[in-house]
Amino acid sequence: MAKSGTRQRLRDPAKARPKPGRPKDEAKGSAILRAAGTCFLRHGLEGASMDAIAREAGVSKLTVYSHFQNKEALFKAVIRAKCGEFSPPESFLAMGDLEPRTALTRIAGSFMGLMLAPEVLAMHRVVTGESANSPKVAQLMYEAGPEPAMAAFAELLAAYDRKGLLAVREPARAADHFFSMLKGDLHSRALLNIGRPPAEAELKRHLDDCVEVFLRAYAPR
């Protein structure tokens, strides 16, 4: 009877349910992200270890794993956090009530701020260098940064199309056109470390030109 009672207690879902863990420390999470960014730039994704990241952050490896499931998840979190620093305060879709030129100009400025940020350029170079031997690194970066940004912008373009403010039959292709045009030669030169960063006036002219070309190409007919 005692054994039967024991089995019954083990089957009790209320008692088998795990207790909630401690809430995650946001300060430690931020420290881990900063440390991971430093280690990834220094050693690349493959060369950076969770032990090294924990030492850099001043926390235990167990604490790192309590915030991030594995190194790949941590890498993607670093990319998402950096993208978030340069994102417009509104989500792309929430900008649907704005006039297209206003929304596109804000998005363009945020995007190029991200693309030309020194730490983002450095990470891009690291990923490009590793991608030949480890395509997974490039895939992780794409999934964390460009892919969701492209999808969100395509949703905004589709919303403008429904309202008749733009004529965008293929929002995903149009999003690719916009971001590719924005990067242009400015990003290529920055990535190759050729010359100085663009002056504010030069960058503004580039952004305005790109927005103007895009609006003309997808103007309602």
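No hydrogens, no waters, no symmetry mates; every other heavy atom, side chains included, goes into these values. Just so it is clear, the structure is predicted and the values come from calculations on it, not from any experiment.
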| message | Assess the residue pair E202 and R189 against the criterion (salt bridge (charged side-chain N to carboxylate O under 4.0 Å, His left out)); give the C-alpha distance rounded to whole Å, side-chain angles, the decisive distance to 0.1 Å, and a yes or no. | response | CA-CA 14 Å; E202 180 187 2; R189 286 191 283 119; 3.5 Å; yes

If you look at every heavy atom in [X] and [Y], which pair is closest and at what distance?
X: F111; Y: K183; value: CE2-CG, 3.7 Å
X: L182; Y: M112; value: O-SD, 3.3 Å
X: K28; Y: T63; value: CD-CG2, 4.1 Å
X: L157; Y: A174; value: CD1-CB, 3.7 Å
X: P220; Y: A167; value: CA-CB, 4.0 Å
X: F179; Y: A149; value: CE1-O, 4.2 Å

| said: Testing the 3.5 Å rule here: is there a donor-acceptor pair between the side chains of T105 and T102? | reply: no

Between atom [atom1] of [X] and atom [atom2] of [Y], what is the distance when rounded to the nearest 0.5 Å?
X: L203; Y: L207; atom1: CG; atom2: CG; value: 4.5 Å
X: D208; Y: L104; atom1: CG; atom2: CG; value: 11.5 Å
X: M115; Y: L121; atom1: CE; atom2: CG; value: 8.0 Å
X: L215; Y: C210; atom1: CG; atom2: SG; value: 11.0 Å
X: E170; Y: D161; atom1: CD; atom2: CG; value: 11.5 Å
X: R101; Y: L165; atom1: CZ; atom2: CG; value: 13.0 Å

| message | Check this for me: R125, atom CZ, are more than 12 non-hydrogen atoms of other residues, nucleotides or ligands nearer than 6.0 Å? | response |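 Yes, CZ of R125 has more than 12 neighbouring heavy atoms, counting only those of other groups under 6.0 Å.
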
Report, one line per pair, each donor and acceptor closer than 3.5 Å where one atom sits in a side chain of residues 30-48; sequence neighbours left out.
unit_1 : atom_1 : unit_2 : atom_2 : d
S30    : OG     : E26    : O      : 3.1
T38    : OG1    : R34    : O      : 3.2
E46    : OE2    : S134   : OG     : 3.2

Indicate yes or no: at least one non-hydrogen side-chain atom of [X] is less than 4.5 angstrom from one of [Y].
X: L74; Y: M50; value: yes
X: I107; Y: M95; value: yes
X: Y160; Y: L98; value: yes

| Lys/Arg-Asp/Glu bridge criterion (N-O < 4.0 Å) met for E200, K204 |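 No salt bridge links E200 with K204.
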
| query | Could K163 and D97 be called an ion pair, given the rule that one side-chain N must be under 4.0 Å from one carboxylate O? | reply |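 A salt bridge links K163 with D97.
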
| task | Please state whether the rings of F214 and F153 are parallel, tilted or perpendicular, taking 30° and 60° as the class boundaries. | result | tilted

| field | H206-H187 aromatic ring centre distance below 6.0 Å | value |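 Not under 6.0 Å, so no.
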
| said: Do V120 and L191 sit in one hydrophobic cluster, given that two such residues count as connected whenever their side-chain heavy atoms are within less than 4.5 Å of each other, even indirectly? | reply: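 No, V120 does not connect to L191 through the hydrophobic network.
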
| said: Working note: M123 + F75, criterion side chain to side chain contact (heavy atoms under 4.5 Å, CB included); need CA distance, chi angles, decisive distance, verdict. | reply: CA-CA 11 Å; M123 183 65 77; F75 181 75; 4.0 Å; yes

Only distances under 3.5 Å count here; give the side-chain donor-acceptor pairs of residues 135-147 to other protein atoms, sequence neighbours excluded, each with its distance to 0.1 Å.
unit_1 : atom_1 : unit_2 : atom_2 : d
K136   : NZ     : E72    : OE2    : 3.0
Q139   : NE2    : E143   : OE2    : 3.0
E143   : OE1    : K76    : NZ     : 3.1

